[in-house]
Number of protein chains: 2
Amino acid sequence: MKLNQRKQKVLEAVVEDHIATAEPVSSRTIARKYKLGVSPATIRNEMADLEEAGLIEQPHTSAGRIPSQKGYRYYVDRLMRKGHLTDREKSTITSIFAQQARELVDIVQRTIKIVSQYTDYLVFLSGPQLENAALHKVRFISLAPGKAMLVIVSENGWVENKLIDLPVAVSQEELEQVERVFNSYFRGLTFPQITRAILKSVYDELSRQRLLIDLALDIIESVLKQESEDALYLGGTRNILKQPEYRDIQQVRKLLDLIEEQSILRTILAETQNIGITVRIGRENKFDQVQNCSVVTATYTMGGNTVGAFGLLGPVRMNYARAIALVEFITQTLSNALTGSGF
Amino acid sequence: MKLNQRKQKVLEAVVEDHIATAEPVSSRTIARKYKLGVSPATIRNEMADLEEAGLIEQPHTSAGRIPSQKGYRYYVDRLMRKGHLTDREKSTITSIFAQQARELVDIVQRTIKIVSQYTDYLVFLSGPQLENAALHKVRFISLAPGKAMLVIVSENGWVENKLIDLPVAVSQEELEQVERVFNSYFRGLTFPQITRAILKSVYDELSRQRLLIDLALDIIESVLKQESEDALYLGGTRNILKQPEYRDIQQVRKLLDLIEEQSILRTILAETQNIGITVRIGRENKFDQVQNCSVVTATYTMGGNTVGAFGLLGPVRMNYARAIALVEFITQTLSNALTGSGF
DNA sequence: GATTAGCACTCTTACTCATCGAGTGCTAAA
DNA sequence: TTTAGCACTCGATGAGTAAGAGTGCTAATC
């Protein structure tokens, strides 16, 4: 779709004014606030064209215009100027990560808390999942026949633990052998990287104990199967209610559904591309429950491996420039913090 | 406060009808629905007395009466009949606990989910904290100088783990020694029970290594200090919005504050008495944010030791009989499930 | 003396109607 | 091509009214 310079200016004005005020934007407002050098009547003509193109719409005859979802998309793709955080904001955020963290969870929760203060959107975050991080060492603790606890320590000193099922009643001794295999051969690799192929390469040295390889494979599978179901954190629920879109209790209801039934948010994060920022506007979202919302997400990494994703969810009338700047800065800073030494 | 038979009947009617309808209750309604055998006019006289006693109040002249918080308290203490769950409800709940659980957290989350279906109140739960359960064995994994992970296995096979700080750079060997001390001398005890006195009693056998005792004490202290900060689970947020009290966005706002800033709920659970059911009505609650709510809580146990608490939070106009029956049944069933074998 | 019918009074709620004002679309002039 | 002017639409606001629910009081009744 090709728009002339002035139409773009008008669309930009409609979007930005509506984002700021949550009110329909009139031709007069644009003429007054956005100094295009033309009269309201001219702007009205442009607006009529923009409406015909499906980029803006009129709630009712005697109201101004609001952007359509298509209009927001056009704005995000072509008109929006890059948002910037103030130095103050940036330094507050980085200082969070500078603090000593006891556990991975702490750093995540602090992040959520801080971001909630800087934005009126729902803040949510998955991971970090250590099964995608480089192994430093593992430790097995047998609990009962067929059950053990696996403690994973990453190369930067972060710790996580998982309960795993063992296929057979494995002896303590065998478990210790597997532990040694992991710690000596697999150091520096991630769980997904420890494939059958790699196992093969150590096969010679372990040839006397084929069973060990099977056991190791079972364990890896068991870890990967766990899907990190409990790894969703969120915050900012109270702030998002400030948005005028949530004056309607029905909307609040939908939002709480989303928060309580976390699977949708989890899926949204899981589907986030590895590279760059993803912006989904309204009906671009797969799920019904978020089709009147927009979502900005990005992944974060740990030593180069993607270990989780971070997102902001707000009304379609969202400050995209700012949201994107925030998501970008947070994921970068978080990646740095996680990649630097844990302890 | 002494009320004659009929006044009690009237108060009971006002409370129960208001709980059911959320509307002010008129003298005529009581005469019609609650068959006291007297006319509305008589009931009006009784109501005037009850109002004078501060047990009921009138929103405005031409409305019926609603119970005051004092009225609810009177009702709960002296008038309320014990609530009962249906067999169907009971069996659904017990069946949840019959299922195999992978982790403690699973059982807790299932509980929350089920209860949310049976009630329109906020469901919240703390623990279970294994440091109050009888030890089966512990295991230390040293992570870095001054840091270790402690895995606690309870006598019924439940597992939990904590990161602990060690005061000095303790050698792997020393840690293993402490582990042996815990596993041989402290089996069957809870962390709070392992006091300096008990440590003394094994002093002779350890006399050559005074240092061990200090180390053990440090570890115990470190575990107890952790206060189980992350052990709050909640659900039913979406259901509670069905309550007409939450048609007002301001109320919803307060509720979300409560949910997001979990410390208040945590404190409420922590302050719950060990024995029986605690009911706090409106301003009986310490915290401002819950003074227009009522809270019903009780603790649950594991092998006789209190390991957590469970609660329901709703508007002051809460169905106390049902809430109490539910809290009672859940905490009992949960206690049984936790006390029975974990695996 | 306790209870109740009857009635005047109060207060909320819902509804209607008129007015106001914001903003548009169209036409004709610049 | 732009703009001034104007008629028109439609939501928001507020006043006025009627209906209805419920009370409190008084006087009659049991």
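Numbers restart at 1 for each chain; the letters A, B, ... are given by sequence-line order, proteins then strands.
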*Could you give me the CA-CA distance, side-chain angles and deciding distance for A:E12 and A:R81, then say whether salt bridge (Lys or Arg N to Asp or Glu O under 4.0 Å) is met?*
CA-CA 10 Å; A:E12 190 182 340; A:R81 266 175 295 249; 2.6 Å; yes
Of C:dT4, D:dT23, D:dT2, the nucleotide closest to the side chain of A:R6 is D:dT2
Any N or O donor-acceptor pair under 3.5 Å from the base of D:dG22 to the side chain of B:R28? no
Scanning both residues in full, the closest heavy-atom pair of B:R253 with A:K242 reads NH2-CG, 3.2 Å
Among C:dC11, C:dG23, C:dT4, the one nearest any side-chain atom of B:S62 is C:dC11
Could you tell me whether A:K7 and A:E46 make a salt bridge, using a distance below 4.0 angstrom between a side-chain N and a carboxylate O? yes
What I'd like to find out is whether the side chain of B:D49 reaches to under 4.5 Å of the side chain of B:N45, using heavy atoms alone.
no
Notebook entry, point to check: Is the distance from OP1 or OP2 of D:dG24 to the nearest side-chain N or O of B:R65 less than 4.0 Å?
Noted result: yes
Note: for B:P59 and A:Q58 on DNA chain C, the residue whose nearest nucleotide lies more 5' is B:P59
Atom CD of B:E23 and atom C1' of D:dG20 are separated, to the nearest Å, by 14 Å
Atom CD1 of A:I56 and atom P of C:dG25 are separated, to the nearest Å, by 9 Å
ask   = Under the 3.5 Å rule, do the base of C:dC11 and the side chain of B:T61 count as making a donor-acceptor pair?
value = no
Between CD1 of B:I43 and C1' of C:dA2 the distance, given in whole Å, is 15 Å
The nucleotide from D:dG20, C:dT4, D:dT3 with an atom nearest the side chain of A:T42 is D:dT3
Rounded to whole Å, CG of B:D49 lies from C1' of D:dG24 at a distance of 13 Å
Looking only at C:dG23, D:dG5, D:dC10, the nucleotide nearest the A:H60 side chain is D:dC10
Rounded to whole Å, the CG-C1' distance (A:N45 to C:dG25) equals 9 Å
Taken to the nearest whole Å, CD/B:E57 to P/D:dG22 is 18 Å
Q. According to a strict under-4.0 Å criterion, is B:S27 in side-chain N/O contact with OP1 or OP2 of D:dT23?
A. yes
note: A:L50, atom CG; C:dT24, atom P; distance rounded to Å ~ 13 Å
Between B:L256 and A:T237 the two heavy atoms that sit nearest each other are CD1-O, 3.6 Å
From NZ of A:K7 across to P of D:dT1 the rounded distance in Å is 10 Å
Against the side chain of B:S39, the closest entry in D:dT3, C:dA5, D:dC10 is C:dA5
